[in-house]
Trainee: 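This is the structure I have questions about; it appears just below.
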Amino acid sequence: MQINALAAHQLGEALKPYSFEPKERQNYDCLIKVLACGICHSDIHMIDNDWGQSRYPVVPGHEVIGEIVEIGSQVNHLKVGDRVGVGWQMSSCLQCTDCLKGNENLCDQNQGLIVNGYGGFADYLAVDSRFAFPIPAGIETEVAGPLLCGGVTVYSALRHAGMSSGQEIGVIGVGGLGHMAVQFASRLGNSVTVFTTSEDKAEFANQLGARHVVVVPPGESPPAPTRQLDIIISTVPQSLDWAAYIEYLSSDGTFTLVGVPPEPLTIPLWALLNKRRRVMASPIGGRAMIIEMLSVAERFGIKPIVETFPMEQANEAMQKVRDNKVRYRAVLTVS
Ligand SMILES: NC(=O)c1ccc[n+]([C@@H]2O[C@H](COP(=O)([O-])OP(=O)(O)OC[C@H]3O[C@@H](n4cnc5c(N)ncnc54)[C@H](OP(=O)(O)O)[C@@H]3O)[C@@H](O)[C@H]2O)c1
Ligand SMILES: [Zn+2]
Ligand SMILES: [Zn+2]
C-alpha cells in the first residue's frame, strides 16, 4: 500500500505531497486511518531542524487521532474500529528500568514518531499499537489530538513539579501547551497566573481558568512580583529573562520548562540558592501518564480550544502557528 502524506523535503520548506510504502507491519503494529492531527510547535522545530536531528523528508504530525483499520496478530488490547491517539513517542525498549517504571519517555532507546518515522499529516499511520491509546468516549475527535502531545507534556511536567491542588501555579505562554496547562492546573483546584505577550489572550485568560494575568510585551521582562508562585511552567519556544521569572517563585518553588528555547539557560545561582528553589525540564509523558491525563481530561471537562483546517490547508495552518495567530491549537482534519 501507499501512504499519502505531506512532507517538508528540505529545511524550512513548505509542505508538499509525499507518498511512501510503509515498513512491513509487525505483530504488534496497527494501521490507523487518520481523522485529525494537531500541529505542535515541535513540528516546526523539526521542519526547521532546530534540534539538529531532522531527517528529510520530515512528515510532521504527532497529535494524531484515527481509527484502527488493521491490527497485528499479537494485539489484544485494541481492535479494528477503535478510535485511538498517537503522540510524540512511537517506541521504546520496554525493558530498561525507566520503561519498567512507566517512564518510557525517559528510555535511552525512545523513538519519536516524526524523528524516526513519518507522522500524522497523512491519510494513514502505521505504528506499534503499544504506543496507541484508546480515546475516552467523552472526548471528541477534533479536540483529542492536542492532548496526546501538548496535553500530556504539561500535565506530566506539572505533576512531576509537585502540582496537587490549592497551590499557586504560573504559566508562561498561552499557546497550544500553555492554554492546556491553565486548564489542567485550574480545574484541579489551583490558582493560576498567566504570563502572556498577547492582549487578546490576557482578556480571555479568566475564561480558561486563570485568576491573574501579567502582560509581558515581547522581548521585555516581567514586572517585579507582587505574589509568590509554588510552580511556574514555561511553554515558550524562546529565551526569556529567566531570572526575573524565578523571582516569582516562593521558597522551595519549582520552575519547570517544557518549551524549548534555542540557547542554554542563564540563571544566577543566588536566585535559586537563597530560596532553595529548583529548576527542572520535562519531556512529554510516559504511557501511564497519558492514560491518566486522558481520564482527567474527560472527567474534569478539559478541552483544547482548536481551530480546524482541512489537511490540504496544512501550510496555511502552519504559517498561522509560526505567526502566533492560532487560538489556541491548530488541528488538521480529514473528511
Ligand atoms: N517538553 C516536551 O516534551 C514538549 C512537548 C511539546 C512541545 N514542546 C515545546 O513547547 C513549546 C511550545 O509549544 P506549543 O505547541 O505550545 O507552541 P505555540 O502554540 O506556538 O505556543 C507558544 C507560545 O509561547 C509564547 N511565545 C512565543 N514566542 C514568544 C516570545 N518571543 N516571547 C514570549 N512568549 C512567546 C506565545 O504565547 P503568548 O501569546 O501567550 O505570549 C505562544 O503562543 C515549543 O518549544 C515546543 O517544541 C515541548
Ligand atoms: Zn508536540
Ligand atoms: Zn527502555
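Counting starts at 1 for both ligands and their atoms, following the listed order. Just the heavy atoms: all of them, side chains too, but no hydrogens, waters or symmetry mates, feed the values below.
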Trainee: Is Asp200 salt-bridged to Arg327, going by a charged N under 4.0 Å from an acidic O?
Mentor: yes
Trainee: Check whether any N or O atom of Val321, backbone or side chain, sits under 3.5 Å from an N or O atom of ligand 1, and answer yes or no.
Mentor: no
Trainee: Could you see which bit of Ser282 sits under 4.0 Å from ligand 1, with heavy atoms only: side chain, backbone, both or neither?
Mentor: backbone
Trainee: Give a rough value, rounded to 10 degrees, for the angle at the Zn ion (ligand 3) between atoms SG of Cys93 and SG of Cys96.
Mentor: 110°
Trainee: Name the option, out of Gly175, Ser234, Gly219, that contains the heavy atom nearest to atom 23 (C) of ligand 1.
Mentor: Gly175
Trainee: Tell me which part of Thr153 gets within contact of ligand 1: side chain, backbone, both or neither, using heavy atoms under 4.0 Å.
Mentor: side chain
Trainee: Hey, which N, O or S atom on His62 ends up closest to the Zn ion (ligand 2)?
Mentor: NE2
Trainee: Give a yes or no on whether the backbone of Ser164 and the side-chain of Asn190 come within a donor-acceptor separation of less than 3.5 Å.
Mentor: yes
Trainee: Is there a donor in the side chain of Ser92 and an acceptor in the side chain of Asn110, or the other way round, less than 3.5 Å apart?
Mentor: no
Trainee: Considering only heavy atoms, which of Asp50, Val174, Ile172, Thr197 lies nearest to atom 37 (O) of ligand 1?
Mentor: Val174
Trainee: Using heavy-atom distances only, which candidate in His41, His62, Glu220 approaches atom 14 (P) of ligand 1 most closely?
Mentor: His41
Trainee: Before accepting this row, confirm whether a basic side-chain N of the pair Arg329/Glu63 lies closer than 4.0 Å to the acidic partner's carboxylate O.
Mentor: yes
Trainee: Geometry only, no angles: is Gly176 polar-contacting ligand 1 at N/O separations under 3.5 Å?
Mentor: yes
Trainee: Does Thr235 approach ligand 1 within less than 4.0 angstrom via side chain, backbone, both or neither, non-hydrogen atoms only?
Mentor: backbone
Trainee: Can you tell which part of Pro218 has a heavy atom less than 4.0 Å from ligand 1: side chain, backbone, both or neither?
Mentor: neither
Trainee: For ligand 1, is any non-hydrogen atom under 4.0 Å from Val194's backbone (N, CA, C, O), its side chain (CB onward), both, or neither?
Mentor: neither
Trainee: Less than 3.5 Å between some nitrogen or oxygen of Ser198 and one of ligand 1, yes or no?
Mentor: yes
Trainee: Should Val258 be counted as touching ligand 1, given the test is an N or O pair under 3.5 Å?
Mentor: yes
Trainee: Identify, by atom number and element, the atoms of ligand 1 in contact range of Lys201, meaning under 4.0 Å from any of its heavy atoms.
Mentor: 37 (O), 38 (P), 39 (O), 40 (O), 43 (O)
Trainee: Determine, for Glu168 against Arg227, whether the closest basic-nitrogen to carboxylate-oxygen distance falls under 4.0 angstrom.
Mentor: no
Trainee: Given the side-chain rings of Phe195 and Tyr245, with only the six-membered ring counted for Trp, is the space between their centroids under 6.0 Å?
Mentor: yes
